[in-house]
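Lettering follows sequence order; numbering is per chain, from 1. Hydrogens, waters and symmetry mates are skipped; everything else that's a heavy atom, side chains included, is used. Note that the structure is a prediction, hence the values are computed from the model and not measured.
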Amino acid sequence: MVAADTLLSWFDDTARDLPWRRPECTAWGVLVSEIMLQQTPVSRVEPIWHEWMARWPVPSALAAASQGEVVRAWGKLGYPRRALRLHEAASAIALKHDDVVPDDVDTLLALPGIGAYTARAVAAFAYGKRCPVVDTNVRRVVARAVHGAGDAGPPSTTRDMADVEALLPATDAAAARYSAALMELGALICTARTPRCADCPVFDTCAWQLAGRPAYNGPVKAVQKFAGTDRQVRGRLLDVLRGAPGPVARPLLDAAWSDAGQRDRCLDSLLVDGLIEQTDAGLFALPGEH
DNA sequence: AATCCGTGGAA
DNA sequence: TTTCCAAGGAT
């Protein structure tokens, strides 16, 4: 069990002062933060988020930038396709929504790069709406505190959202704050590796504690390899273009990875994704930068 | 439903 | 050193 008053009091006392949580932060700021935070730690997002907010304070400003500028400004946050999708989303918001980030889940879901989590995170954190916001932190907290399991099993959007829905306070404002608090609990206390149960505000009612801290017995999630994968090669290739002021010739890219077959395949996939372009002269460049 | 898509810090 | 994993989404 995760009582609302207990969790909210703890959040009042210990919540991190993150820039996208401040009252003056716009819905656009919240949306940008949520995209950047997908699979990416807060510490790496913060500086880039500040740069983006200063440079592109509204969706139409980002929409006016070239794709290459956006990919370059994304830097090394990882998963750079997120940058292109955010750019697309900004264009759609500017054109179809009067430059105002939508406040309802279904409209948000229709935007590129916005899925079940991000749509509800924006609705809750930018607009104070009551809706289940389920990320990996929340799934882990619910698995332990509510179901008494050692960890979350495989995700099931429908079931996971129903679990959280049942926990949410009745009013919009309390529910939105509760959603942020659940995530904070998972991020700071109920962590994946070594949970800090001694500091947990819901220790006394945690189903996992009451059950004697049983070990997780569900299916083991396979950890993704990185070394030697196309992901690494794509990262290397894109990093060459990011580090260059303009279009580069083939030999410079060839130096980034020795396996020619894999290198060519990755180069092609980057072209398909629109993360890079080929100039008329046969050089390679970030999109729009030639 | 399982797999792919970057990056880097911490244990 | 290797492994784990960090506010997911698209296909």
Side-chain angles (χ1 to χ4, degrees), chain A residues 15-16 18-21 25 29-49 71 74-86 88-89 108-126 132-141 151-161 164 176 179-188 190-196 216 219-242 256-257 262 265-266 269-270 272-276:
Chain A
R16 290 168 293 177
L18 302 174
W20 42 85
R21 282 181 179 165
C25 182
V30 172
L31 172 56
V32 171
S33 78
E34 291 301 340
I35 301 292
M36 289 182 171
L37 286 163
Q38 290 167 4
Q39 302 287 283
T40 310
V42 167
S43 60
R44 246 188 293 161
V45 166
E46 260 197 276
I48 306 294
W49 182 86
V71 170
W74 192 256
K76 306 195 79 169
L77 277 183
Y79 293 139
R81 295 187 297 185
R82 289 183 292 168
L84 291 182
R85 291 182 181 133
L86 181 51
E88 288 178 54
L108 286 161
L109 281 172
L111 296 170
I114 297 185
Y117 162 76
T118 304
R120 290 170 179 80
V122 170
F125 305 148
V133 181
V134 183
D135 74 331
T136 184
N137 290 306
V138 171
R139 281 175 18 79
R140 186 172 57 248
V141 169
D151 203 350
S156 162
T157 304
T158 305
R159 179 174 48 73
D160 293 341
M161 289 204 301
V164 174
S179 295
L182 265 187
M183 290 178 60
E184 192 78 339
L185 187 65
L188 300 183
C190 196
T191 53
R193 272 182 284 200
T194 310
R196 304 172 52 198
Y216 173 69
V220 177
K221 39 202 163 190
V223 283
Q224 293 185 12
K225 298 297 180 191
F226 179 67
T229 63
D230 285 4
R231 275 197 343 283
Q232 182 182 24
V233 179
R234 284 165 54 104
R236 288 269 190 93
L237 293 171
L238 198 60
D239 200 41
V240 170
L241 294 184
R242 246 189 259 116
W257 195 257
Q262 187 178 22
R265 179 174 71 245
C266 290
S269 74
L270 286 169
V272 169
D273 286 347
L275 282 165
I276 67 178

Chain A reaches DNA chain C, atoms under 4.0 Å from its heavy atoms, from C:dC4 to C:dA10
First encountered from the 5' end of DNA chain C, between A:L109 and A:W20:
A:W20
What is the nucleic acid contact for [X], judged by heavy atoms within less than 4.0 Å: base, sugar-phosphate only, or nothing?
X	result
A:A121	nothing
A:W74	nothing
A:L182	nothing
A:S43	nothing
A:R193	base
A:A222	nothing
A:R140	sugar-phosphate

How would you list all residue pairs meeting salt bridge (charged side-chain N to carboxylate O under 4.0 Å, His left out) that involve residues 30-47 of chain A, not counting sequence neighbours?
none
Work out which heavy atom in A:P155 is nearest to a heavy atom in A:D160; give both atom names and the distance.
CA-OD2, 3.6 Å
Does the side chain of [Y] come within less than 4.5 Å of [X]'s, by heavy atoms?
X	Y	result
A:D230	A:S269	no
A:Y79	A:Q38	no
A:R21	A:F125	no
A:R236	A:V233	no

[N] and [M]: how far apart are their [atom1] atoms, nearest whole angstrom?
N	M	atom1	result
B:dC5	C:dA6	C1'	15 Å
C:dT11	B:dG6	P	14 Å
B:dA1	C:dG9	C1'	15 Å
C:dT1	B:dG8	C1'	16 Å

Might you list the N or O atoms of the protein lying below 3.5 Å from N or O atoms in nucleotides 4-8 of chain B, with each pair's distance?
residue	atom	partner	partner atom	Å
B:dC5	O4'	A:R81	NH2	2.9
B:dC5	O3'	A:R234	NH2	3.4
B:dC5	N4	A:Q224	OE1	3.2
B:dC5	N4	A:Q224	NE2	2.5
B:dG6	OP2	A:R234	NE	2.3
B:dG6	OP2	A:R234	NH2	3.4
B:dG6	O4'	A:Y79	N	2.9
B:dG6	N7	A:Y79	OH	3.1
B:dG6	N7	A:R231	NE	3.4
B:dG6	O6	A:Y79	OH	3.1
B:dG6	N1	A:Q39	O	3.3
B:dG6	N2	A:Q39	O	3.2
B:dG6	N2	A:T40	OG1	3.2
B:dG6	N2	A:L77	O	3.1
B:dT7	OP1	A:R242	NH2	2.9
B:dT7	O2	A:R44	NH1	2.8
B:dT7	O2	A:R44	NH2	2.8

dist A:L84:CG -> A:W74:CH2 (nearest 0.5 Å) comes out at 9.5 Å
May I ask you to say whether A:R242 pairs ionically with A:D239, meaning some side-chain N is under 4.0 Å from a carboxylate O?
yes
Assess the residue pair A:R234 and A:L238 against the criterion (side-chain contact (heavy atoms from CB on, under 4.5 Å)); give the C-alpha distance rounded to whole Å, side-chain angles, the decisive distance to 0.1 Å, and a yes or no.
CA-CA 6 Å; A:R234 284 165 54 104; A:L238 198 60; over 6 Å; no
